[in-house]
Amino acid sequence: MMEKATITIDGRKIQARYGQTILQAAREHGIYIPVLCDHPALPPEGACRICLVEIERQRTLQPACTFPVSEGLVIYTHSPKVIEARKFSLELLLSDHPLDCMTCEATGNCLLQDLAYEYGVTGDRYQGEKHQYPIDASNPFIVVDRNKCILCRRCVRACAYINGVEAISVFYRGFNAYIGFGADSTMQDSPCEFCGSCVEVCPTGALWPKMAIGKGRPYQLQKVQTVCAYCGVGCQIELQVRNNRIVNVVGVENAPVNQGFTCVKGRFGNDFVHHPDRLTRPRVRKYLLEGGKREGKERGEWVEVDWDTALDLVSRKLVEIRDTYGSDSIGVLTSAKCTNEENYLMNKLARQLIGTNNIDHCARL
Amino acid sequence: MGKVANLESLQQVYFEAIPLLANRRAQGGPAEKPLNGKCDVLICGGTGCVASSSRDVREALLVEIERRGLKEDIRVITTGCHGFCAKGPLVVVYPQEVLYCQVKASDAPRIVSETLIGKQILEDLVYQHPQSKERFPVYHEIPFYRHQLRLSLRNCGLINPEDIREYIARQGYFALGKALTQMSPREVIEVVKDSGLRGRGGAGFVTGIKWEITQRSPIRPKYLVCNADEGDPGAFMDRSILEGDPHSVLEGMIIAGYAIGAEAGYIYCRAEYPLAIQRIKIALAQAYEYGFLGENILGSGFSFDIYLREGAGAFVCGEETALLASIEGRRGEPRPRPPFPSVSGLWSKPTNVNNVKTYGLVPQIILNGAEWFRGFGTPNSPGTATFALTGKINNIGLIEVPMGITLREIIYDLGGGIPKGKAFKAVQTGGPLGGCLPAEALDTPVDFDSLVQAGATMGSGGMIVVDEDTCMVEFAKYFLTFASAESCGKCVPCRIGGRRLLEVLNRISNGEGKPEDLDEIEYISRNMKEASLCALGQLTPGPVVASLRFFRPEYEAHIYERKCPAKVCKGLITYRVIEENCTGCMVCKRNCPAGAISGEKRQVHYIDPNICERCGICIEVCKFDAIMIE
Ligand SMILES: Cc1cc2nc3c(=O)[nH]c(=O)nc-3n(C[C@H](O)[C@H](O)[C@H](O)COP(=O)(O)O)c2cc1C
Ligand code: SF4
Ligand code: SF4
Ligand code: SF4
Ligand code: FES
C-alpha cells in the first residue's frame, strides 16, 4: 500500500505511509524519538516505554515503535508529560541496575547509559529491592550478567527471528522476571548455537563477548570494516582492533548480506588470526626450489619465499604434469571459503588453461 | 437425538421439553402449571455448595426417595449456583419454591417426609434475616433475591445445566433460530448496537461496534473468543454462569459468529474452574449433537465450531491480547494495541473478544429486542450488572442488579448491611484494579460511567465492603500486592513501578513513612497510568489513588503521627495490658506464640513490645478485656 497519511509531529506536517509506525515515519523525516527495546532488525516489542509520545485524543501515552500511522494524528515527541514518563521509566530501570559504569564493559557502548545521560537520570531516586543474580560464564563465548539486563527482549527476538533457535525466553513474571536459556539452564546447556546475535542487539552490558573483556573502551579501539574470511557468503563484519590485535568482532548494521548478524565462526572464531602457527607467507620445499629431485621418502625442509616464486613453481609444475601425463591427470578442488568470483576464475583456469573438467568444490563433498 | 434440522423441529423439541420445567417457576416469569402431585428438588451444584458437601445431600435425598419408592414422583436435579453461597448447601423444593439453607445430609429424611410428602415447611432450614429475625421460606421473596434483576443469571439455579432440553424449555436456542433464519448478519449487529449492550469484561466497550469492526474486515478466517479467565480474586460471576447456564454462552457465541462471519470460536477458561470446564464440555457435546454447532446449523447453511482452551490461571491472561497469545501457545503477555484484536487478533486474524456475560446476554436481546434490553438500567449503561458481593457484609454472594441502582441499595437492601453493627467504611469495586468509595459516595449509581466519575471502576464484578476496623493503607496494600505480583513483567512502568509503589506503602504501614511519600505515590501512580503497556499496569495504582483521595488523613496519621487509626498496621501498634482489668489468669501468657508476655499468677501481666508479634491472639483469649491496642 502506498497510500499516504498526513500526520503532525511536533507541529511539523509530514507525509507518512500507511503501514509505517510513528517511529519509522519520524525517522524518515529526521525527527528524533529515543528508543531502547526497539531495534531496526527486529519486530517491535513496545516493552521499554522510552519511545512514548503524546498523541491527541489518545487516553494515555503511546509507544511510537508500535503505533501505526493514520490520517490526522497529532503527535508530540517531547511534551512535559512525555519527558516525565521517560524519566520515570529510566529511574525505574536504574533502580534495579548496578551503578558501576566506571568498570562496566559496556560503558560508551550502552543505550541505557546514553539515555540516562540524555535525561539527567542518576539512579538514586529509589532505594528499593535490587536483584542479585549470579553471573553465567559457563560457555567460552558469552558472559551473561542478568543484573545488567533491562528485559528489553531484544535478545529473545534476535534468537527467535534472526537465528531461528529460540534459545532465550523470559522466565517468571513481574519484578521477578528474567531472561533465561533453554528450560532455564545455563547458556552452555541450552540449544544456543553461539551465533552471538543476542550479543549484537543487547543494548547494555548484560550479554558480552568473553574475548573482549578488559580489552579496551570503545574510543580506544580502531574499527575496521571487512568481509568475514570464513566462507563465501560475504558477511560484513567490523573488527575492533587495539595495538594491532583483534579484540572483538561485531556486525555492520544494514550490511546487505547479513544485516549486522553473523554465525559463531565469524563473530567468535577469529583466534586463528594471531595464532603463532598461522602461515602468513608462502613456503616451498627446498629441493623444489633448487630444481632437484626428491631423495627417498624424505621431503626435506620448508623455505619461506615470496608469492611470485611460489606461484611460478606451481604453474611450471602444472604445465609439466599436463604435458607429460595429459590434462585429465590433473584435478582441481576449490573452496567454499572463496567467493563466487574466485571460484569462477578457478573454473576457467581448470577448463581453459589446464584443459580438464576435473573440478569440484568442497561444499559438494 | 438427531440433529435439529430447522426452526420447526426446534419448536417440536421445545414442546417436548416444556414438561421438564413445569413445576419450576422462574423469578418474575410466568408460573407454569404444576404437574399433579410431582415435585422437583433442586440441589445446588455450584462450586460453593459442592464445597459445603451438597453432593452428600443429594445422595442422601436420592437414598431416601428410593427407600420410600417415590422415584417416579420426585425428581432430584442438580443446578448451577444460586448466588447465596454463604448459606449453602442450598436446596429448593418446587412447586412450592421453598429455599432451604445450610442443608445437611442428615436433613434428607425430614425434607422428604415433611416437605415433599407432607407439604410442610421446615422452619429451621428456612432463611432468617439476621437483624429482624423474620423467616423467608419462599425463594424469590428473600430480600437478597427480591431486589435483584436476573437476566444473565436467569437460568442459574433453575435448570439442570447438564441437560440441554431444560435450556431449550427456557426458549433456549430460539434466538439462534431467529437470527439464522429471519435476520441478516447486519440486522443482528444492528439489534445488538441498538440495545446499547456494553462489554461485561470490565472496560464497557459497546459490543455492537466491536462486532461491526470485526465483521467489516475483509480478512478471513475470523475468530471469536469468549473470555472466561475471570482472574479477579473473589469474583465468580462468569464461573457461575458457565456452571449454571453454559448453553446461554454458547448460543450467544454462535449468534455472534454468524453476525461477524467467523469460522470458529474459542472459550478460554482457567483450569482452576474444573466444574465450569466439565459443564462446558458437556454443553458443547450436546450442542453438537443437536446440531446447534457444526455444519449447516438449523438448515441455514451457516457452520460454526467452538473449541475450549484451558488457561493456567494468570490474572494477566484475562487481558485480551495476553489471552490470545496464550491460546496461540505463547507466553501470556499483552502486546500494544492498536492493532486491536478485531483488526488483528488470534493468529493475526480479525478476532472478536467478549466476556462470558456479554455473550450470555445476546440471546435474550435477539429474542426480546433492543428496546426490551434498554428498558433495564440507565440510558448509557442498559441492562444489569453482576457482582460478587463480599467482605464485611451480611449477605455474601453473587448478585445481579439493574444498572443505576445505588451502592447503598446494594449494600443495605440486598447485602443486608454490615455485620455486628459496625459502621460502613468503604466499598471497593472493579476488583484489584478498581478503586474504593467512601460512605459519602454511597448514593452513586452503579453504572459504567458513574463509578468512574466517582473515582472507582465497574471492572468485572467484585464488590468488597469493608467496615470501620479496616485500615485503608493496609487495604490498598493488599490489592497492590496482588496486582504487582500478577504483572507479566513485560513493560518497565508496571514491572518495576508496581514494586516501588508497594515499597512506599510498606514503608508507610511499617511506620517508616516519609513526608514526601504521598507525593511519591502520586508521581509513581500518575506515570504508571500513563506509561504502562496494558490496563493491568495502568490500573494497578487505582486502589492506592482512590484510598489516598478519600482517606488522606489516614495516610497522614501513619506518616506524621506514626499511628494507624484503625489499629491494624503491625508496625504502628502496641499491645498493652490494662492493669485495672488484668486478673493475672495467665491465659494470655500461655497462648502467646512469641513468648512476649510475662507475669505471675494473680499478678498484672506485661507484654514486651520488642518480642510481641502483634498477632492479636492475647486479645482474643483474654476473658477480662484486659488487653488493648495502642
Ligand atoms: C489485567 C486484566 C484482566 C482482565 N481480565 C478479564 C477477565 O477475566 N474476563 C474478561 O472478560 N475480561 C477481562 N479483561 C478485559 C479484557 O481485556 C477485554 O476487555 C474483555 O474481555 C472484552 O470483553 P467485553 O467487551 O465483553 O467486556 C481484563 C483486562 C485486564 C487488563
Ligand atoms: S548466541 Fe545465537 S543461538 Fe545463542 S542465544 Fe544468542 S542468538 Fe540464540
Ligand atoms: S540480555 Fe540484553 S538484549 Fe536481552 S533482554 Fe537483557 S538487556 Fe535486553
Ligand atoms: S502493564 Fe504490567 S501486565 Fe501489562 S504488559 Fe506491562 S508489565 Fe505486563
Ligand atoms: S522502543 Fe518503543 S517501547 Fe521500547
Side-chain angles (χ1 to χ4, degrees), chain A residues 21 36-37 43-52 54-55 58-70 79 81-82 84-97 125-131 150-153 156 160 166 169-179, chain B residues 203 312 314-317 321-322 330-340 343-344 481-507 512 514 516 520 523-540:
Chain A
T21 62
L36 188 47
C37 68
E45 186 87 347
C48 73
R49 320 305 282 175
I50 294 302
C51 70
L52 290 182
E54 192 170 343
I55 306 177
Q58 285 289 324
R59 219 166 29 89
T60 58
L61 301 176
Q62 296 292 335
C65 68
T66 63
F67 203 94
V69 300
S70 61
S79 69
K81 236 186 185 175
V82 167
E84 182 179 276
R86 284 186 194 146
K87 279 189 162 172
F88 174 69
S89 290
L90 288 168
E91 281 156 358
L92 290 175
L93 283 173
L94 291 189
S95 76
D96 188 26
H97 195 97
R125 185 175 183 120
Y126 305 99
Q127 269 77 47
E129 186 187 339
K130 261 190 190 193
H131 286 107
I150 56 168
L151 281 164
C152 68
R153 298 126 176 273
V156 177
E166 299 192 353
S169 49
V170 180
F171 290 81
Y172 297 91
R173 57 184 157 162
F175 189 66
N176 299 323
Y178 60 80
I179 58 130
Chain B
F315 178 50
V316 74
C317 283
T321 57
R330 294 184 287 119
R331 183 177 155 94
E333 284 180 344
R335 57 152 178 82
R337 303 171 305 175
F340 287 88
V343 174
S344 175
T481 306
F482 174 83
S484 63
E486 293 292 329
S487 159
C488 81
K490 179 167 177 171
C491 74
V492 175
C494 172
R495 180 177 80 238
I496 314 179
R499 172 58 63 111
R500 297 295 170 245
L501 188 57
L502 182 59
E503 283 165 351
V504 178
L505 256 79
N506 279 336
R507 197 153 72 212
E512 294 151 8
K514 297 182 254 178
E516 59 276 18
E520 193 70 2
Y523 172 77
I524 298 175
S525 302
R526 177 170 75 234
N527 281 292
M528 280 184 76
K529 188 168 179 348
E530 280 294 337
S532 292
L533 192 161
C534 82
L536 194 155
Q538 289 161 10
L539 300 177
T540 288

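Chain A is the first sequence line, chain B the second, and so forth, proteins listed ahead of strands; every chain is numbered from 1.
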(request) Answer with side chain, backbone, both or neither: which region of B/Ala485 has an atom nearer than 4.5 Å to a non-hydrogen atom of chain A? (result) backbone

(request) Would you mind checking which part of A/Glu91 comes under 4.5 Å of any heavy atom in chain B, side chain (CB onward), backbone (N, CA, C, O), both or neither? (result) side chain

(request) Indicate yes or no: at least one non-hydrogen side-chain atom of A/Phe88 is less than 4.5 angstrom from one of B/Pro493. (result) yes

(message) Tell me whether the NZ or CZ atom of B/Arg499 lies within the 45° cone about the ring axis of A/Tyr126 and under 6.0 Å from its centre.
(response) no

(request) Heavy-atom pairs under 4.5 Å with chain A are the metric here; pick the option from B/Gly498, B/Ser532, B/Pro334 that has the most. (result) B/Ser532

(message) Side chains of B/Tyr523 and A/Glu84, heavy atoms from C-beta outward: is any pair under 4.5 Å?
(response) yes

(message) Looking at B/Glu503 and A/Glu129, would you say the former's side chain and the latter's main chain have a donor-acceptor pair under 3.5 Å?
(response) yes

(message) Show, in sequence, the C-alpha distance, side-chain angles and deciding distance for A/Arg173 and B/Arg495, and conclude whether the side-chain contact (heavy atoms from CB on, under 4.5 Å) test is met.
(response) CA-CA 8 Å; A/Arg173 57 184 157 162; B/Arg495 180 177 80 238; over 6 Å; no

(request) Between chain B and each of A/Pro68, A/Gly128, A/Gly46, A/Cys152, count heavy-atom pairs under 4.5 Å; write down the option with the most. (result) A/Gly128

(message) If I measure from the heavy atoms of chain B, does A/Leu90 come under 4.5 Å with its side chain, its backbone, both, or neither?
(response) neither

(message) Shorter than 4.5 Å, heavy atoms on both sides: which option in A/Val82, A/Val170, A/Thr66 has the most such pairs with chain B?
(response) A/Val170

(request) Heavy-atom distances under 4.5 Å only: say whether B/Arg526 touches chain A with side chain, backbone, both or neither. (result) side chain

(message) Report which part of A/Tyr172 has an atom under 4.5 Å of a heavy atom belonging to chain B: side chain, backbone, both, or neither.
(response) backbone

(request) First locate atom CG of A/Leu52, then atom CG of B/Leu533, and finally report the distance between them rounded to the nearest 0.5 Å. (result) 9.5 Å

(message) Does any backbone or side-chain atom of A/Arg153 lie under 4.5 Å from a heavy atom of chain B? Answer side chain, backbone, both or neither.
(response) side chain

(message) Does any backbone or side-chain atom of B/Leu502 lie under 4.5 Å from a heavy atom of chain A? Answer side chain, backbone, both or neither.
(response) neither

(message) Which atoms of A/Phe175 are under 4.5 Å from chain B, going by heavy atoms: the side chain, the backbone, both sets, or neither?
(response) both

(message) If I take atom CG from residue A/Leu151 and atom SG from residue B/Cys491, how far apart are they, to the nearest 0.5 angstrom?
(response) 11.5 Å

(message) Heavy-atom pairs under 4.5 Å with chain B - which of A/Arg49, A/Glu45, A/Glu54 has more of them than the others?
(response) A/Arg49

(message) Quick check on the interface: out of A/Cys37, A/Pro44, A/Ser89, A/Ala177, who has the most heavy-atom pairs with chain B under 4.5 Å?
(response) A/Ser89

(message) Please identify, among A/Leu36, A/Leu93, A/Ile50, A/Asp96, the residue contributing the most non-hydrogen atom pairs under 4.5 Å to chain B.
(response) A/Leu93

(request) Could you tell me whether A/Arg125 and B/Glu520 have a side-chain N and a carboxylate O separated by less than 4.0 Å? (result) yes

(message) Do B/Arg500 and A/Ser95 have side chains that approach each other closer than 4.5 Å (heavy atoms only, starting at C-beta)?
(response) yes

(request) Drop me the distance from A/Arg86's CZ to B/Asn527's CG, to the nearest 0.5 angstrom. (result) 12.5 Å

(request) Please name the pair of heavy atoms, one in B/Gln538 and one in A/Thr60, separated by the smallest distance, quoted to 0.1 Å. (result) NE2-OG1, 4.1 Å

